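A short worksheet on the structure shown next.
Labels below follow one simple rule: chain letters A, B, ... track the order of the sequence lines, proteins then strands, and each chain is numbered from 1. Computed from a prediction, not measured in an experiment: that's the story for all the values here.
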2 protein chains.
Amino acid sequence: MDPVIDRAVTIGVEPVDPDPAAAPSTTRDRILDISLELFSTQGYDKTSLRQIAERLGYSKAAIYYHFASKEDILMALHLRLHEFGRDALRAVEDDDSSPALWAELLDQLIDQMLTHRALFILHERNQAAIEELHRERSDADHEDLQIRFRRALSNDAVPVETRVRMSCAFGAAMSGLVLAGDVFADVPSEELGRMLRDAVHALLGEPR
Amino acid sequence: MDPVIDRAVTIGVEPVDPDPAAAPSTTRDRILDISLELFSTQGYDKTSLRQIAERLGYSKAAIYYHFASKEDILMALHLRLHEFGRDALRAVEDDDSSPALWAELLDQLIDQMLTHRALFILHERNQAAIEELHRERSDADHEDLQIRFRRALSNDAVPVETRVRMSCAFGAAMSGLVLAGDVFADVPSEELGRMLRDAVHALLGEPR
DNA sequence: GTCTATATAGGGATAGAC
DNA sequence: GTCTATCCCTATATAGAC
């Protein structure tokens with residue numbers, strides 16, 4: 001039984017950061033944190049394992065004890081986000097994708113975005129790499145958030161005008177990630193969150 | 001005088017597609033079109049020159065006759081977008097970034113986005129690579145659109161609430177690119193454009 | 001649990017024949 | 001204007017010592 005295989009294969013979602021105040025203790029978590037930072041700033045493809053290893057203080061090969069591949073690191077980070085999104089997504093059910101529910105969903109998503117900004121930026125800036133992830137591994141029951149969002153926007157029971165509005169509301173909520181880099185960095189999170197929710201409701205509030 | 005160097009260095013913006021109906025005649029244009037397709041679907045980093053050469057029907061090295069590097073291909077595509085954006089950007093001046101002007105700017109941008117969808121998706125999905133482009137080459141007078149947008153959003157003369165709204169409006173206008181892949185593909189462009197403009201004006205129209 | 005050393009492949013890029 | 005052949009480098013990943 002090679003312990004390397006034993007651990008590396010285990011990339012399930014572990015409880016995310018039991019104590020956020022404490023610095024990451026385990027090597028595995030440190031790898032994830034360093035990777036998150038590098039991936040979200042330089043991009044996944046431009047970041048090499050050598051670079052991660054340098055920051056880690058260990059050798060490159062050490063990473064392979066904790067992760068079976070570079071992609072597995074990305075996958076672990078992706079699952080983190082997925083975990084946060086799952087709660088928010090419970091609200092929106094397949095048969096009822098009303099604007100009201102959508103607004104509720106976005107409210108929660110805005111909170112998640114503001115508290116886990118780096119994680120969202122990672123996804124925003126590395127869409128190609130993330131999609132590649134899904135293409136290769138039809139990962140059992142792990143159904144992607146993006147797919148479920150798209151399904152909601154495809155629901156023919158809802159008029160197109162409304163669905164476009166829903167899409168716009170999503171774009172508005174996430175707009176901080178795309179264009180504005182750190183433009184609104186010094187605006188307190190609560191305040192920014194309020195403004196974003198206002199915008200979302202301006203788009204979805206009165207269905208007309 | 002090596003003709004290779006002579007041409008490869010010339011990556012200026014040439015008149016984009018004089019006759020859109022005709023298939024691209026020059027090899028250079030074919031390279032750009034193939035690259036645009038591959039870059040925007042698979043991502044810039046995941047696309048190799050070998051792959052482009054295959055589709056082209058030529059050998060890998062042939063590409064180097066037309067472009068000095070892989071990055072130069074991306075740069076040429078980036079300049080295409082830049083050209084389209086320049087017109088729209090003439091409206092928004094540095095000293096006056098009012099919501100009204102911003103709305104006007106977005107109206108034009110929505111049109112550009114709908115007619116040059118692939119080009120926008122390329123930028124949306126390869127932000128990391130594009131930024132790398134700017135980091136290396138401080139390309140003379142070529143000032144990036146993104147930077148100018150950010151400057152407008154940083155203008156302290158405008159209250160934060162308004163600026164966040166402007167950011168949201170931008171996100172709403174571009175929302176089709178991010179989440180929805182081809183969800184609204186069968187909605188006619190004019191109709192979709194109208195809906196998007198509606199959303200933008202809902203966010204910026206009545207300042208409160 | 002971490003390291004060294006190494007294998008292997010694929011990438012971008014060059015030189016020069018045709 | 002296009003192609004072949006080749007170089008060189010860096011990246012991921014493996015084997016196995018400590």
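A:Gln51 and A:Gln42 share a side-chain donor-acceptor pair at under 3.5 Å. Between the side chains of B:Asp72 and B:His66, not a single donor N or O lies within less than 3.5 Å of an accepting N or O.
Taking atom CD on A:Glu54 and atom P on D:dA11, their separation rounds to 10 Å, with Å as the unit. One can place CG of B:Asp72 at 9 Å from P of C:dA13, the figure rounded to the nearest angstrom. Here D:dT12 presents its C1' atom at 15 Å from CD of A:Gln51, a figure rounded to the nearest Å. Rounding to whole angstrom units, CD1 of residue A:Ile52 and C1' of D:dA11 are separated by 12 Å. Distance B:Asp45 CG to C:dG10 P: 17 Å, rounded to the nearest Å. Computed from coordinates, the B:Tyr64 OH to C:dT14 C1' distance equals 9 Å when rounded to whole Å. Rounding to whole angstrom units, OH of residue A:Tyr44 and P of D:dA11 are separated by 13 Å. Rounding to whole angstrom units, CZ of residue A:Phe67 and P of D:dA11 are separated by 20 Å.
Distances shown here put every side-chain N or O of A:Tyr65 at or beyond 4.0 Å from the OP1 or OP2 atom of C:dT2. One finds no side-chain N or O of A:Thr27 lying less than 4.0 angstrom from the OP1 or OP2 phosphate oxygen of C:dG1. Contact annotation: A:His66 side-chain N/O to C:dG1 OP1/OP2 distance is not under 4.0 Å. Phosphate contact (OP1/OP2 of C:dG12, side-chain N/O of B:Arg50, threshold under 4.0 Å): absent.
Within the nucleic acid shown, B:Ser48 comes within 4.0 Å of sugar-phosphate atoms alone, with no base atom in reach, counting heavy atoms only.
Residue B:Lys60 has its side chain nearest to C:dA13 when only D:dT14, C:dA13, C:dA15 are considered. Nearest to the side chain of A:Ala62, among D:dT14, C:dC3, D:dT2, sits C:dC3. Considering only the side chain of B:Leu49, C:dG12 comes nearest among C:dA5, D:dA13, C:dG12. For A:Ala61, counting side-chain heavy atoms from C-beta on, the closest listed nucleotide (D:dT2, C:dA5, D:dT4) is C:dA5. The side chain of B:Ser59 lies closest to D:dC3 when the candidates are D:dC3, D:dA13, D:dA11.
Geometrically, A:Lys70 engages A:Tyr44 in a cation-pi contact, judged by NZ or CZ lying under 6.0 Å from the ring centre and within 45° of the ring axis.
When atom types are taken as modelled, the side chain of A:Glu124 and the backbone of A:Leu177 share no donor-acceptor pair closer than 3.5 angstrom.
Using a 4.0 Å cut-off between a side-chain N of Lys or Arg and a carboxylate O of Asp or Glu, B:Arg50 and B:Glu54 qualify as a salt bridge.
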